Structure formats: structure tokens, C-alpha cells
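Taking it in order: structure first as C-alpha cells, then the write-up.
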Amino acid sequence: MGIVIVEICEGSLINAIDIEKELESQYPEVAVIMNECLMACGTCTYSPFAIVNGKKIFAKTIDECVKKIKEQIEFELANV
């Protein structure tokens, strides 16, 4: 069993929800890391955004972004 790292920028619109609690409670293999800046210059201010094991995930809405993050987590866990 591997671990999946989800990095969240402190300025990301996805922080409107408690994404850390949601992901870590659903996926014990996930570690959510809050960063001051992920060097994605502006992405976090206009789009919900995260990085899952190095892959940038973003969407137009928070719900869509969370769905994509979970899909990427499942993909990562299936391919460990």
C-alpha cells in the first residue's frame, strides 16, 4: 500500500470546504499538505486547484475539482 500526497495552496478556492478532513477521512492512504504557495502562478486564485502526486488538478467548480482529485487518488492507489 502506498501513500498519495495531495498538495493544496493556502490561496486555493478549494479551501472553501474542509478538503483536508474530507480526503483524509475517506482515504487513509492520503496525506494532505497545505502550502503557502505551489508556484502555479495565479491558478489558485481563479480556479479550485490541487496537486496529487505531482499532477495538477483543477476545475471550474469546487465539486468538480474534488471529484477529479478523488479520481486521481483512486488511480494512484490502483497503480501503486
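On a predicted model such as this, the values are computed, not experimentally measured, just so you know.
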Point to revise | Flag, side chain of E7 to backbone of V32, donor-acceptor distance under 3.5 Å | key: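 No; judged by distance alone, with no hydrogens or angles, the pair does not exist.
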Point to revise | Backbone N/O of F58 and side chain of S47: donor-acceptor pair under 3.5 Å | key: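 No.
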Out of curiosity, [X] [atom1] to [Y] [atom2], how far, rounded to the nearest 0.5 Å?
X	Y	atom1	atom2	result
I8	L23	CD1	CG	7.0 Å
I51	C9	CD1	SG	9.0 Å
I19	M34	CD1	CE	9.5 Å
F49	I14	CZ	CD1	10.0 Å

Exercise for review: Report the residue from V30, V52, V4 that forms a side-chain contact (heavy atoms from CB on, under 4.5 Å) with I69.
Suggested key: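 Only one option passes, and that is V52.
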Practice item. Specify the closest pair of heavy atoms between A59 and P48, including all atoms of both residues, with the distance to one decimal. Key: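 Distance-wise, the nearest heavy atoms are O-CD, 3.1 Å.
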Practice item. Write down the atom of I3, the atom of A31, and the distance for their closest heavy-atom approach. Key: CD1-CB, 4.1 Å
Review point. Among all residues two or more places apart in sequence or in another chain, which pass the side-chain contact (heavy atoms from CB on, under 4.5 Å) test with D63?
Key: T61
Exercise for review: Taking the side chain as every heavy atom from C-beta outward, state whether V6 and I73 have any atom pair closer than 4.5 Å.
Suggested key: yes
Check your understanding: Got a sec, which pairs hit side-chain hydrogen bond (donor to acceptor under 3.5 Å, both in side chains) with one end in residues 66-75, sequence neighbours left out?
Key -> E22-K70, Q26-K70, Y27-E74, Q72-E76
